[in-house]
Amino acid sequence: MADVEKLYDRYHESRQKFDYFITGLATTVLAYSVQSFDSGKYANYIWLAPIAWSFLLIAVIAGLVRLEWIIAVLGIETEKFTKQTIYQNIYQNIPDSLRNAYKLQEQKWKGLPEELTPEGMEKWINKSLSDCSKSIEFLNAQQSKAIKIVEWAYRFREWSLIIGLFFLGVLKIVNF
């Protein structure tokens with residue numbers, strides 16, 4: 001199991017580094033092209049530069065949005081894992097333990113408020129299980145939405161970067 005976790009961590013780390021690299025590349029190309037732009041040199045086709053810059057700016061923004069939402073997805077995964085662990089490892093074993101304790105020491109529980117009896121605790125645990133289950137369902141829905149945003153930002157960033165670089169290339173070729 002540890003090998004699978006290591007592989008997942010390496011994959012996630014590599015993907016994250018690549019996202020930072022592509023977003024940084026788009027930012028660098030945008031900054032360099034704006035800073036080194038000479039309007040006199042590109043007088044006939046000056047309109048290509050703002051188009052290229054617009055697409056590069058969109059690529060930078062989409063890259064930052066993607067990075068932000070990847071962090072959100074990881075947060076949701078962590079919270080969901082925590083809730084599932086609580087649900088599976090702790091709460092599922094308690095009702096049986098309470099029933100066994102109640103059978104063994106039935107006389108001791110008589111006269112106590114219902115909340116303190118094994119039946120009362122079992123009701124509370126079942127309600128907690130239900131709440132935990134609903135929370136996991138909600139987190140699954142949120143995670144699904146966040147993953148769609150991450151995928152959208154990825155496609156938007158890549159195509160905007162390609163189109164921006166294309167327009168910069170055309171500007172250089174036309175004015176060569």
Side-chain angles (χ1 to χ4, degrees), residues 1-28 30 54-164:
M1 190 68 171
D3 291 336
V4 173
E5 290 174 7
K6 285 181 183 177
L7 285 174
Y8 176 77
D9 289 343
R10 287 178 62 198
Y11 165 74
H12 173 69
E13 185 178 323
S14 300
R15 186 181 71 185
Q16 188 177 22
K17 286 181 181 179
F18 183 72
D19 282 334
Y20 283 126
F21 171 74
I22 294 296
T23 303
L25 176 68
T27 305
T28 304
L30 175 63
S54 298
F55 279 107
L56 290 172
L57 182 62
I58 290 169
V60 169
I61 292 170
L64 293 173
V65 166
R66 177 176 165 76
L67 291 171
E68 180 181 0
W69 279 94
I70 284 175
I71 293 169
V73 168
L74 291 174
I76 292 170
E77 282 180 6
T78 302
E79 189 173 345
K80 191 170 78 171
F81 178 75
T82 302
K83 298 260 185 211
Q84 287 172 338
T85 302
I86 290 170
Y87 184 83
Q88 292 170 352
N89 294 338
I90 299 171
Y91 287 133
Q92 287 183 345
N93 298 325
I94 290 176
D96 292 333
S97 301
L98 285 173
R99 279 190 221 100
N100 292 338
Y102 187 70
K103 287 177 187 174
L104 291 174
Q105 300 181 5
E106 210 169 309
Q107 294 81 17
K108 288 186 178 182
W109 303 116
K110 290 184 179 179
L112 288 176
E114 184 185 1
E115 297 84 30
L116 299 177
T117 64
E119 286 106 1
M121 289 181 176
E122 189 171 351
K123 287 179 188 176
W124 177 81
I125 289 169
N126 288 336
K127 182 183 178 314
S128 296
L129 284 171
S130 174
D131 292 345
C132 194
S133 177
K134 288 176 187 174
S135 178
I136 290 171
E137 289 175 19
F138 174 75
L139 289 171
N140 282 335
Q142 292 299 102
Q143 185 178 22
S144 177
K145 290 177 188 175
I147 288 173
K148 287 178 185 176
I149 291 171
V150 167
E151 291 171 352
W152 169 85
Y154 174 78
R155 285 197 271 327
F156 214 68
R157 181 192 68 194
E158 299 306 308
W159 281 107
S160 297
L161 181 61
I162 290 168
I163 293 169

Atom [atom1] of [X] and atom [atom2] of [Y]: how far apart are they, to the nearest 0.5 Å?
X   : Y   : atom1 : atom2 : result
H12 : E77 : NE2   : CD    : 8.5 Å
F81 : T85 : CZ    : OG1   : 3.5 Å
I70 : Q16 : CD1   : CD    : 7.0 Å
I61 : T27 : CD1   : OG1   : 10.0 Å

A side-chain contact here means heavy atoms from C-beta on lying under 4.5 Å apart; do [X] and [Y] qualify?
X    : Y    : value
E79  : I76  : no
I147 : E151 : yes
F55  : L161 : no
D19  : R157 : yes

- Item | Heavy-atom closest contact (A26 atom, A59 atom, distance) | CB-CB, 4.2 Å
- Message: Would the distance check show the side chain of T28 and the main-chain N or O of G24 forming a donor-acceptor pair, the cut-off being under 3.5 Å?
- Response: yes
- Query: Which pairs with one or both residues in residues 126-155 pass ring-ring contact (aromatic ring centres under 6.0 Å, His included), sequence neighbours excluded?
  - Reply: W152-F156
- Taken in chain and number order and not counting sequence neighbours, the residues that satisfy side chain to side chain contact (heavy atoms under 4.5 Å, CB included) with S135 are K83, L139
- Message: Can you tell me which residue among V150, I71, T23, I22 is in a side chain to side chain contact (heavy atoms under 4.5 Å, CB included) with R66?
- Response: V150
- Can you name the residues that form a salt bridge (charged side-chain N to carboxylate O under 4.0 Å, His left out) with E137, not counting sequence neighbours? none
